[in-house]
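I have placed the structure first, in the form of structure tokens, so that the comments after it can refer back to it.
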Amino acid sequence: MALESITAVASALTAVVGLFVAHLAYRGYRRNDSRTMRALAFGIVCIAVVPYAILYLVDPLLGLTDAQSLLAVTLSHTVGLAVIYRTFDR
């Protein structure tokens, strides 16, 4: 198996697990009307799911450069972490 294939499978697995964890956090938000759980769900999606979408869906469609893809993924990680930090920093 080529290294690119292993990377693609690992990225997809990360996105699927991240989506599952975000779903659990969102269910916690719905059950308890907890803003913290909603922010956690959003942050996890930004950290685990959005980068996969950028690299494997948006990049091929728009033909982004490596620098643009890296910037988009880094911004997604930063937004996700900032949302989680801001929510738990209260």
Side-chain angles (χ1 to χ4, degrees):
M1 191 179 259
L3 186 57
E4 292 85 17
S5 299
I6 294 170
T7 302
V9 169
S11 296
L13 184 60
T14 300
V16 168
V17 171
L19 198 57
F20 177 70
V21 172
H23 172 71
L24 292 177
Y26 184 75
R27 281 180 46 201
Y29 156 68
R30 294 284 307 247
R31 184 178 330 112
N32 301 313
D33 197 29
S34 169
R35 292 179 50 182
T36 302
M37 293 304 285
R38 182 181 61 194
L40 182 62
F42 180 78
I44 291 170
V45 167
C46 286
I47 292 169
V49 180
V50 172
Y52 178 82
I54 291 168
L55 293 176
Y56 292 98
L57 301 175
V58 175
D59 185 12
L61 288 174
L62 300 179
L64 301 176
T65 65
D66 289 344
Q68 290 170 327
S69 296
L70 183 60
L71 177 62
V73 168
T74 302
L75 287 174
S76 177
H77 287 157
T78 303
V79 167
L81 290 172
V83 167
I84 292 170
Y85 171 76
R86 184 70 180 123
T87 300
F88 288 100
D89 187 41
R90 294 179 182 199

- Who else is in the cluster with Val79 when I, L, V, M, F, W and Y are joined by side-chain contacts under 4.5 Å? Phe42, Val83

Between [X] and [Y], which heavy-atom pair has the shortest distance, and what is it?
X     : Y     : result
Ser76 : Pro51 : OG-CD, 3.7 Å
Ile44 : Gly18 : CG2-O, 3.3 Å
Leu57 : Leu61 : O-CG, 3.2 Å
Ala39 : Ile84 : O-CG1, 4.3 Å

Does one hydrophobic cluster hold both [X] and [Y], with members joined at side-chain heavy-atom distances below 4.5 Å?
X     : Y     : answer
Leu19 : Ile54 : yes
Tyr26 : Val21 : yes
Leu13 : Phe20 : no
Ile47 : Val17 : yes
Met37 : Leu81 : yes

- Under 4.5 Å between any side-chain heavy atoms of Leu64 and Val58, yes or no? yes

- Taking C-beta and beyond as the side chain, do Leu24 and Arg27 meet within less than 4.5 Å on heavy atoms? yes

- Task: Have a look at Leu55 and tell me which of Ser69, Ser11, Pro60 forms a side-chain contact (heavy atoms from CB on, under 4.5 Å) with it.
- Result: Ser69

- Message: Check whether Thr14 reaches the backbone of Ala10 with its side chain - one donor and one acceptor, N or O, closer than 3.5 Å.
- Response: yes

- Item | Residue Asp66 excluded, over 12 heavy atoms near CG under 6.0 Å | no

- Query: Does any pair with a residue in residues 44-68 pass ring pair (Phe, Tyr, Trp, His ring centres under 6.0 Å), and if so which ones, sequence neighbours excluded?
  - Reply: Tyr52-Tyr56

